[in-house]
Amino acid sequence: MQSAEFKTLAQTNKLYQSLDPQELEFLLAHAKQVLFSSGETIIQQGKKSAGIYVILAGTVIIAGQVFGEGRVSLASLKKGSIFGGSSVIVNGPNATSVIAETEVQCLLISTALFEMFSLFYPSMKYKIMKEIAENSCNRLITVADKIRMVVSGMDMKARPIFGQFVESLTKPAEVSYEDVSLDRKQLEAMPPISIFNNDGNALLKSAIILLATNQCTLIEEAQKDCSSYFVVKGAVQSSIVEKKRVAKISILGPGSLFFPIPLINDQFPSRIHYTTCERSILLKVDQKFFNELQHNNIKLWYKLFDLLCESLIVLVRFTEKLDIRVTSEIYNR
Amino acid sequence: MCRILSYLGEPIIAEDLLYKPDNSFIKQSYHPIFMSHLLNLAGFGMVAWDIASHQAKLPYIYKTTQLPFYDENLGNLATKITPYCLLAHIRGVSYTDTQVVSDQNVHPFIFRGTNLALAHNGVLFEFSQMKFDLLEYIKEEYKACIRGTTDSEWIYAILLSQLSQTSGEPSVEDLSKAILETLKIIQMVRRKRNIVLNSPVNLFITNGKFIAATRFVFDYGWYPSDAHGLAHLTYHSLWYTFGERYGYYDKEYKMKGGGKSSIIIASEPLTHDSTTWIEVPEYSLLIAHLEDKNVKIFSHDINL
């Protein structure tokens with residue numbers, strides 16, 4: 001394909017439409033055009049992706065080794081779709097394989113190039129990350145809804161009424177550093193909070209410290225408040241709750257960040273329930289802080305968005321595993 | 001911190017679990033992927049049930065403090081036995097001269113007269129403060145069986161004491177109750193002694209008919225102030241995979257799909273590719289048992 005033709009094709013893509021001319025020029029100069037013949041494996045399940053692929057023409061199949069079923073097709077992606085991004089962001093293996101269904105033309109943003117964006121065009125990296133994050137939100141909601149349907153039809157134990165009552169009454173208490181013997185310097189050194197240190201740690205100035213007992217609800221489904229939390233001590237459980245039945249997704253320990261899905265894009269509903277599963281010390285950060293960061297300290301916002309995106313992708317992966325578990329295990333019965 | 005491997009299903013050459021995969025169990029003794037800070041060099045132990053062996057209901061038991069990757073006897077044995085159930089453990093302890101490295105401290109523990117084996121990955125913080133409070137929860141016949149110095153053997157003795165019969169086959173429900181009761185006893189004694197720091201208790205229990213495994217930590221996320229570099233701060237990992245048969249297919253070791261007659265539950269996947277494995281969530285109890293040559297997997301959230 002001639003480069004002018006390639007450029008025209010690339011510019012019809014939604015992601016590129018969001019890029020400014022300088023960014024687009026840089027991208028087209030450095031990203032590779034790659035071609036795959038029908039049936040060719042573009043990404044192998046269990047291997048790291050070479051980078052982020054954007055489909056310019058053709059269709060790919062997402063396929064995976066599914067427990068007890070062998071290899072099955074899970075979805076197909078068409079022109080304009082992005083794949084391979086999750087593997088790049090978490091620096092881990094792909095959860096599924098990607099196979100060309102037809103002849104496929106892709107733009108490949110290699111992992112190294114993507115990392116280079118942080119230095120030269122962080123806004124472009126952010127736009128790509130946002131696209132990947134929104135795709136991940138869509139995937140999360142689809143899988144979460146599927147799990148909710150399975151759980152609602154399962155003969156699974158419901159939360160005891162007393163437990164529900166206690167949970168509804170238990171609220172985290174705002175405390176000071178002294179109240180919980182927390183050393184601010186130690187907290188500043190704790191990843192990922194340490195990324196804010198260059199600016200006198202604006203996060204710690206804005207955040208409030210919470211002490212929560214076990215079984216304290218922090219984020220509920222359909223919640224409007226988009227506050228985010230960092231776990232300092234203790235642990236928090238993410239779950240899907242349906243008809244008072246709780247299906248556990250994962251546990252977040254010290255150093256973890258969690259937030260309601262609408263923080264990424266308020267068009268998405270929040271589907272995940274977060275409750276403490278140990279007595280815990282948390283930092284609560286109001287959405288206003290993130291909004292201000294986007295206006296006053298965009299570089300820091302980009303760094304934070306990287307973290308949000310990584311946490312989201314990990315959450316999606318655990319939710320996908322829960323989807324397998326609720327059908328293959330006899331769970332909480 | 002240690003590594004544990006368990007298997008239940010179609011008879012399998014032990015070598016395919018212990019040596020062959022690219023993250024094989026023996027390799028995990030010196031190069032574990034999912035643990036940092038520590039190597040697992042303080043002993044290897046294995047119990048394995050083989051249908052073709054004499055007294056098939058009882059397992060082979062192999063224990064040594066030799067480094068497993070230099071152990072020629074183990075290497076030879078692994079190419080010969082084809083167990084349908086196996087529990088293996090490699091022991092990792094902190095690098096101090098206060099640690100006791102001996103045969104008596106090598107897991108899995110299996111007291112004479114019982115057919116129930118237990119291996120443990122984790123540590124009870126301040127165990128010395130609480131161990132004698134635990135005595136009242138251990139039946140007389142098991143007190144005298146404790147020969148080593150590990151907290152794990154005490155946990156094993158408490159667990160046996162919660163079961164009404166140990167030579168027979170407890171039901172999934174009885175086993176589940178006994179495991180949860182054991183954890184509750186430990187928690188109660190910790191509270192009594194005001195021990196509130198992170199203590200992981202990943203237990204693997206089997207009698208050749210089932211495998212039960214916990215992924216659990218008491219007071220997760222509460223570390224001592226001088227905690228930096230300690231091995232037991234993370235939530236110890238636990239993974240499983242299931243399918244028709246485990247072996248070398250399409251140029252890699254994995255479970256062949258199409259059925260559910262075999263299961264591996266382990267501290268970490270046996271291959272670098274973990275996408276065909278499921279990570280067991282924290283605070284969970286998993287019990288797998290064979291029913292008409294099919295593995296049934298029960299799982300419960302642990303809320304003490």
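In what follows, every chain begins at residue 1, and chains take the letters A, B, ... in the order their sequences are listed.
A heavy-atom distance below 4.5 Å is not found between the side chains of A/Asn332 and B/Phe298. Looking at heavy atoms from C-beta onward, B/Trp222 lies in side-chain contact with A/Arg279 at the 4.5 angstrom threshold.
Closest of all the heavy-atom pairs between B/Gly221 and A/Pro254 is CA-CG, 3.6 Å. When all heavy atoms are compared, the tightest approach of A/Ala95 to B/Thr275 is CA-CG2, 3.9 Å.
In this structure, A/Glu320 CD and B/Ile278 CD1 are separated by 12.0 Å, a value rounded to the nearest 0.5 Å. Here the straight-line distance linking atom CD of B/Glu282 with atom CG of A/Leu252 works out to 8.0 Å at 0.5 Å rounding. One finds the CD atom of A/Gln44 at 8.0 Å from the CG atom of B/Asp273 (value rounded to the nearest 0.5 Å). To the nearest 0.5 Å, atom OH of residue B/Tyr220 and atom OG of residue A/Ser280 are 10.5 Å apart. The distance from the CG atom of B/Asp301 to the OH atom of A/Tyr331 is 3.5 Å, given to the nearest 0.5 Å.
Ranked by heavy-atom pairs under 4.5 Å with chain B, the first of A/Lys47, A/Glu329, A/Arg333, A/Arg325 is A/Glu329. For the options A/Gln237, A/Gln45, A/Glu278, heavy-atom pairs under 4.5 Å to chain B are most numerous at A/Glu278.
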Practice problem: Check step by step if side chain to side chain contact (heavy atoms under 4.5 Å, CB included) holds for A/Ser328 and B/Lys260. | Solution: CA-CA 10 Å; A/Ser328 62; B/Lys260 200 174 171 187; 4.2 Å; yes
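Interface remark: A/Val246 contributes backbone atoms only to the contact with chain B (heavy atom separation under 4.5 Å). For B/Lys296, the part lying under 4.5 angstrom from a heavy atom of chain A is the side chain only. Neither the backbone nor the side chain of B/Leu285 comes within less than 4.5 Å of any heavy atom in chain A. With a 4.5 Å cut-off on non-hydrogen atoms, B/Ser284 touches chain A through its backbone and its side chain both. For A/Asn214, no part sits under 4.5 Å from any heavy atom of chain B, backbone or side chain. If you measure heavy-atom distances from B/Val295 to chain A, you find no contacts under 4.5 Å at all. Of the atoms belonging to A/Thr96, not a single heavy atom falls under 4.5 Å from chain B.
Atom NE2 of B/His272 sits in a crowded spot, with more than 12 heavy atoms from other residues, nucleotides or ligands closer than 6.0 Å. Counting non-hydrogen atoms of neighbouring residues, nucleotides and ligands closer than 6.0 angstrom, the CG atom of B/Asp250 reaches no more than 12 such neighbours. In this structure, A/Met190 places its CE atom where more than 12 heavy-atom neighbours from other residues, nucleotides or ligands lie under 6.0 Å away.
With hydrogens and angles disregarded, a donor-acceptor distance shorter than 3.5 Å links the side chain of A/Lys321 to the backbone of B/Trp277. Judged purely by atom type and a 3.5 angstrom limit, A/Lys248 has no side-chain atom pairing as donor or acceptor with the backbone of B/His300.
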